[in-house]
2 protein chains.
Amino acid sequence: MPPKGEAKRQRIIDTANALFYERGYGRTSLADIAQACGIPKGNFYFHFKTKDDILAAVVAGRVARLRDRLAAWEREIARPVDRLVRLSEMIVRDGADIVRHGCPTGSLATELGKEGNANLARPLFREMLDWSEAQFAALAGADAAPDLARRMLVRLQGASVLAHAFRDPAWLAEEQAAVAAWLRGL
Amino acid sequence: MPPKGEAKRQRIIDTANALFYERGYGRTSLADIAQACGIPKGNFYFHFKTKDDILAAVVAGRVARLRDRLAAWEREIARPVDRLVRLSEMIVRDGADIVRHGCPTGSLATELGKEGNANLARPLFREMLDWSEAQFAALAGADAAPDLARRMLVRLQGASVLAHAFRDPAWLAEEQAAVAAWLRGL
DNA sequence: GTCTATAGACAGATAGAC
DNA sequence: GTCTATCTGTCTATAGAC
C-alpha cells in the first residue's frame with residue numbers, strides 16, 4: 001500500500017501539469033498550484049525541494065503516460081502505417097487544447113530551451129521519435145526510418161505552432177490529412 | 001530632424017529585441033534591458049508606457065525588417081521558386097541562433113499564446129505567409145497557393161522547434177534540403 | 001518659463017524558499 | 001506564515017535648449 005502522502009503528491013503533480021501547460025512554467029507560481037490543489041503552500045517543501053523538482057516530476061509523469069499510450073497502440077493496431085496515422089490523429093483529437101495552449105511537448109521545450117533546461121523536455125520527443133522510427137522501419141526499412149520519423153514529427157510540431165499562433169484548428173486538420181496521405185503512399 | 005530621444009528609444013528597442021529573443025519576454029526584466037542599455041530604469045517610462053509597449057515596438061520593428069527583406073528578395077531574385085528556396089534557407093543561415101533560442105517568431109508566438117497576447121506575434125507569420133502565397137501563386141496557380149504556403153511554413157516552424165529542443169542544427173539542414181527539393185519539383 | 005529628456009529613489013505586489 | 005529578492009510601474013528632482 002502506498003505511503004499516505006503519495007496521493008497528495010500526485011495531486012500536486014497533476015495540478016502542476018495542467019497549469020504548466022495552460023499558462024506556461026514560468027508564469028505558474030507555486031501559489032497558483034497551491035490554490036488549485038487546495039493545500040497550503042508551506043506543504044510544498046515536504047514533497048518537493050524546488051519548483052524545478054515539481055517540473056521534473058511533471059515531465060516524468062508525461063513520459064510514462066506517453067509510453068503507455070504508444071505501447072497500447074502497438075498492441076491494438078496491427079499495421080505500422082495505421083499506428084503512425086493514429087499518432088498523427090493526436091493533433092486533431094487534442095486540437096482544441098493545441099489551439100488554446102500549443103503542443104504540450106513543443107511549447108514546454110520552447111520555453112525551457114530559453115533557459116538552460118532544454119534537456120528536460122527532450123525525453124518526450126525522444127519517446128515519440130524512437131517509437132515512430134520503429135514503425136517506419138517496419139514500413140520502409142531501417143535505413144529510411146530515422147529520416148521519415150523526423151520528417152513526420154517536424155510536420156506535427158509545425159502545425160501545432162501555427163494552429164496555436166493563429167488560434168485556428170484548420171492548420172491541424174489539413175496537415176494531419178496531408179501526413180496521413182503521405183504515410184499511406186509510402 | 002528627429003527628436004533628440006529617438007536614438008535612445010531605438011537603442012532600447014534593439015536591446016529589448018535581442019533579450020526577448022534570447023531569454024523570452026517573460027524572463028526579461030526592465031532592469032535587464034536597462035543594464036544592457038546602460039540607462040536607468042526610471043527612464044523607460046518616458047519612452048514607453050508599459051513593458052507591453054516595448055514589446056509592441058519590438059514586434060513592429062521585426063515586421064518592418066522582415067518586409068524589407070522579402071521585398072529585397074522580390075527585387076533581386078527573378079524566379080518565384082528561387083525566392084521560396086531563399087526563404088527556406090533562412091533557417092540554415094540563422095541556424096546557430098535557432099538552435100540556441102528557437103525561431104524568433106515561433107518562440108515568441110508560443111510564449112505570447114499562453115497569455116492572451118497571441119495576436120501580437122501573428123503579423124510576423126502573416127507577412128511571411130502572404131509573401132509566400134504570392135510566390136506560390138506565380139508558381140502553381142492561385143488555387144493551390146494558400147495550401148502550399150501553409151505547408152511550407154509548417155515545415156520550417158517544425159524544424160525550428162526540434163532543432164532548438166535537441167540543440168541540433170541537422171534538423172534545419174535536412175528539412176531545408178527536403179523543402180528545396182519539394183519546391184523544385186512543383 | 002517651458003519643453004524634452006534624464007536620473008534614481010520609491011511603492012506595492014508577488015515570486016520562490018524555508 | 002515569514003523572509004528576502006525582484007518585479008513593474010510611479011514619483012519627484014534636475015539639466016539643458018529655446
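Every value quoted in this text rests on a predicted model; they were computed, and no experiment measured them. Heavy-atom basis, side chains included; hydrogens, waters and symmetry copies ignored. Numbers restart at 1 for each chain; the letters A, B, ... are given by sequence-line order, proteins then strands.
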> Write down the atom of Arg167(A), the atom of Gly113(B), and the distance for their closest heavy-atom approach.
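The answer is NH2-O, 2.9 Å.
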
> Rounded to whole angstrom units, what separation is found between the CD atom of Gln35(A) and the P atom of dT14(C)?
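After rounding, the reported distance stands at 12 Å.
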
> For a quick check under 3.5 Å, do Asp53(A) and Tyr45(A) share a side-chain donor-acceptor pair by atom type?
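Side-chain D/A pair, Asp53(A) to Tyr45(A): absent.
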
> Does Tyr45(B) place a side-chain N or O at less than 4.0 Å from the phosphate oxygens OP1/OP2 of dG9(D)?
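Yes, such a contact exists.
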
> Does dG8(C) have OP1 or OP2 under 4.0 Å away from a side-chain N or O of Lys41(B)?
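For Lys41(B), the contact criterion (side-chain N or O under 4.0 Å from OP1 or OP2 of dG8(C)) is not met.
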
> For Arg86(A) and Arg93(A), work out which heavy atoms get closest and say how close.
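The answer is NH2-NH1, 3.0 Å.
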
> Given dA5(C), dA7(C), dA17(C), which nucleotide is nearest the side-chain atoms of Phe46(B)?
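Per side-chain heavy atoms of Phe46(B), the pick is dA5(C).
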
> Calculate the interatomic distance between Phe44(B) atom CZ and dA7(C) atom C1'; express it in whole Å.
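In whole Å, dA7(C) C1' and Phe44(B) CZ are 13 Å from each other.
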
> Please check the phosphate of dT14(C) (OP1 and OP2 only) for any side-chain N or O of Ser29(A) closer than 4.0 Å.
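Ser29(A) to dT14(C) OP1/OP2: no side-chain N or O under 4.0 Å.
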
> Would you mind reading off the distance between Lys8(B) atom NZ and dG16(D) atom C1', rounded to a whole angstrom?
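So the NZ-C1' distance, Lys8(B) to dG16(D), works out to 14 Å.
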
> Would you call Asp147(B) and Arg151(B) a salt bridge, using N to O less than 4.0 angstrom?
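Yes, Asp147(B) and Arg151(B) are salt-bridged.
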
> Can you tell me the distance, in whole Å, between the CG atom of Leu30(B) and the P atom of dA5(D)?
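So the two atoms are 20 Å apart, to the nearest Å.
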
> Does His47(B) place a side-chain N or O at less than 4.0 Å from the phosphate oxygens OP1/OP2 of dT6(C)?
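Looking at the OP1 and OP2 atoms of dT6(C), one of them is under 4.0 Å from a side-chain N or O of His47(B).
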
> Looking only at the side chain of Thr50(B) (C-beta and beyond, no hydrogens), which of the listed nucleotides dA17(C), dG9(D), dA7(C) gets closest?
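Of the candidates, dG9(D) comes closest.
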
> Looking only at non-hydrogen atoms, find the nearest pair between His164(B) and Ile98(B) and report the distance.
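The pair with the smallest heavy-atom distance is CB-O, 3.6 Å.
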
> Assuming nearest nucleotide by heavy-atom distance, tell me which of Ala31(A) and Lys49(A) is located more 5' along DNA chain C.
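This one resolves to Ala31(A).
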
> Starting at atom CG of Asp52(A), determine the distance to atom P of dA15(C), rounded to an integer number of angstrom.
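Rounded to whole Å, this separation is 16 Å.
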
> Output the rounded distance in Å from CZ (Phe48(B)) to P (dT10(D)).
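In whole Å, dT10(D) P and Phe48(B) CZ are 15 Å from each other.
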
> Atom CG of Asn43(A) to atom P of dG1(D): distance rounded to whole Å?
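From Asn43(A) CG to dG1(D) P: 12 Å.
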
> Nearest whole Å is fine: how far is dT14(C) P from Arg27(A) CZ?
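Atom CZ in Arg27(A) sits about 13 Å away from atom P in dT14(C).
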
